Number of protein chains: 2
Amino acid sequence: MLHEEVVGRVRAMLLDGEIPPGARIPERDLCEKLQISRTPLREALKVLAAEGLVQLLPNRGSRAARLTDKDMRDLFEVCQGLEALAGELACERITDAEIAEVAAVHAAMVQHYGDRDLLQYYRCNRTIHEAIITAAGNPVLSGLYESVTARIRRARYVTPMTPRRWALAVQEHEAILNALQRRDGVGLSHILRAHLRHKREEVLQAGFAETEPQDQARAS
Amino acid sequence: MLHEEVVGRVRAMLLDGEIPPGARIPERDLCEKLQISRTPLREALKVLAAEGLVQLLPNRGSRAARLTDKDMRDLFEVCQGLEALAGELACERITDAEIAEVAAVHAAMVQHYGDRDLLQYYRCNRTIHEAIITAAGNPVLSGLYESVTARIRRARYVTPMTPRRWALAVQEHEAILNALQRRDGVGLSHILRAHLRHKREEVLQAGFAETEPQDQARAS
DNA sequence: ATAACCATTTTTGCATTCAAATTGGATCCT
DNA sequence: AGGATCCAATTTGAATGCAAAAATGGTTAT
């Protein structure tokens, strides 16, 4: 197994919740599960720690990072900034073919909205956001976006949607597509920021913090 | 030596140019220079590779990453986005004391400008930009900013300044301080973006790409 | 009964070791 | 002579082994 593959596998386990937030990560167990020795696993853990997915406690091993409300807010804020930037750049660089593709996915998404198929809706939604990032043509931006969204993905795509909120989101997406078609970078960036801000409020309101109370109580 | 210290030391060697861009990194040599064994060094190299500072060639070792013009443009673009976001957030959250501190550093910077002391000028400049990032109160943002700016630092703070350009930069910094004092987030973000865009043009014009032609010629 | 202390066990961190891949060079063939 | 091929030497990638630190459990003393 290649180094990047080990990192990917463990990252997936963390993001899927197979290793739940806050859980200790016993090296030996993971090693035999992945059929590798401790050395490459430890290398992967250090990389994931640098990404913020794993917390290293010197001489006391590693644990899956836990997101507080503050972390979530911070991540969403940065995500807003990155998407806003991507929106502006995308409007300068996106091709007509790419716009057409986004439009197609958007239409499919609206269809799924009509069917109240949340899973498929979210898939299209994510595809659109990623298409905008890609269209920005900036690999550095793509990399940071990927890393930031990975950490909030569970919250972002698991939070239940109220009918009211869902309708608004679809409406915002209409505006997103429209701005993209008009290549209105400034407009697009504003819409994207509002869109993300709403999403953030929704998520935070749902109380998706990954903090466990007993950890706070250690001092008692 | 702690893991983070190893990462820091090697990172510093890369950023200072002690290990020049494109240079191969022989593990054994670095090991004895740092007085550690290969295991912790390799862990550090993987982390730095994830940061984009090192390029890993499977079974063929690692080399210091080299920035192309495109990389530089991409990094500056993202940096613009991050600073713009920081500017907006900072205006919402910065304290009067912090503003006063920025104002003081700004005054010192203007003084250094008067003395044509480029080194000290750059020090103050960097302090101001970092203060704005810090004032945004978003550790995720700070982390990404740190990582992005580290990679362009040499270009950013080494490019020679024309008198014309230097005067403009100082003028822009006046506007930055002014917007901060007025807590005009939108205004500040615009000024910061323009400021960075000018810096980027300056750097790219100076041709600071770290590509070496003979590498392109390998296919011949 | 509770708290503190000590021995045991487990786990981490790093050095060493071993196998596999790559590189450089010498040899051989055309 | 030029080029391909094979072999030695170096270097990488991963597993194992060893020392140190921390968690655990049991015992004792208050």
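Here is how names work: the chains are called A, B, and so on, in the same order as the sequence lines, proteins then strands, and each is numbered from 1. On a predicted model such as this, the values are computed, not experimentally measured, just so you know.
In this entry the distance linking CD of Glu43(A) with P of dC14(C) reads 13 Å, nearest Å. In this structure, CD of Glu27(A) is placed 6 Å from P of dG13(C), rounded to the nearest angstrom. One interatomic measurement links the two molecules: CG of Asn59(B) to C1' of dT10(D), which rounds to 14 Å at whole-angstrom precision. The nearest whole Å value for the distance from the CG atom in Leu2(B) to the P atom in dA21(D) is 13 Å. Per the geometry, CG belonging to Leu41(A) stands 12 Å off P belonging to dG13(C), to the nearest Å. In this structure, Arg63(B) atom CZ and dT11(D) atom P are separated by 15 Å, rounded to whole Å. When rounded to the nearest whole Å, the span between CG of Leu57(B) and P of dG13(D) equals 9 Å. For the pair Arg28(A) CZ and dT9(C) P, the interatomic distance rounds to 16 Å; values are reported in whole Å.
Among residues two or more places apart in sequence or in another chain, the ring pair (Phe, Tyr, Trp, His ring centres under 6.0 Å) test is passed with His195(A) by His129(A), His173(A). Looking at residues two or more places apart in sequence or on another chain, you find a side-chain contact (heavy atoms from CB on, under 4.5 Å) between Arg151(A) and Leu53(A), Leu67(A), Leu75(A).
Using a distance-only test at 3.5 Å, with no hydrogens or angles considered, no donor-acceptor pair links the side chain of Arg93(B) to the main chain of Ala135(B). Between the Arg11(B) side chain and the Ala44(B) main chain, no donor and acceptor come within less than 3.5 Å of each other. Judged by distance alone, the side chain of Thr134(A) and the main-chain N or O of Glu130(A) form a donor-acceptor pair under 3.5 Å.
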Strictly under 3.5 Å: I want the nitrogen or oxygen pairs between protein and nucleotides 23-25 of chain D, one per line.
residue : atom : partner  : partner atom : Å
dA23(D) : OP1  : Arg60(A) : NE           : 2.7
dA23(D) : OP1  : Arg60(A) : NH2          : 3.4

Close N/O contacts between protein and nucleotides 16-20 of chain C (under 3.5 Å):
residue : atom : partner  : partner atom : Å
dT16(C) : O4   : Thr39(B) : OG1          : 3.4

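By the 4.5 Å heavy-atom criterion applied to side chains, Gln35(B) and Met1(B) are not counted as neighbours.
Comparing the helix axis at one end of the helix from dA1(C)-dT30(D) to dT30(C)-dA1(D) with that at the other, each defined from 5 consecutive pairs, gives an inter-axis angle of 10° (nearest 10°).
Pairs passing the salt bridge (Lys or Arg N to Asp or Glu O under 4.0 Å) check and including a residue from residues 80-90 of chain A, sequence neighbours excluded, read Glu83(A)-Arg156(A), Glu88(A)-Arg193(B).
When distances are taken from the side chain of Arg42(B) to each of dT11(D), dA22(D), dG13(D), the shortest belongs to dG13(D).
Looking at Lys70(B) and Asp74(B), a side-chain N of the basic residue comes within less than 4.0 Å of a carboxylate O on the acidic one, giving a salt bridge. Salt-bridge annotation for Glu202(B) and Lys199(B): present, with a side-chain N of the basic residue lying under 4.0 Å from a carboxylate O of the acidic one.
Counting non-hydrogen atoms of other residues, nucleotides and ligands closer than 6.0 Å to CD of Glu101(B) gives a total of 12 or fewer. Counting non-hydrogen atoms of neighbouring residues, nucleotides and ligands closer than 6.0 angstrom, the CZ atom of Arg154(A) exceeds 12 such neighbours.
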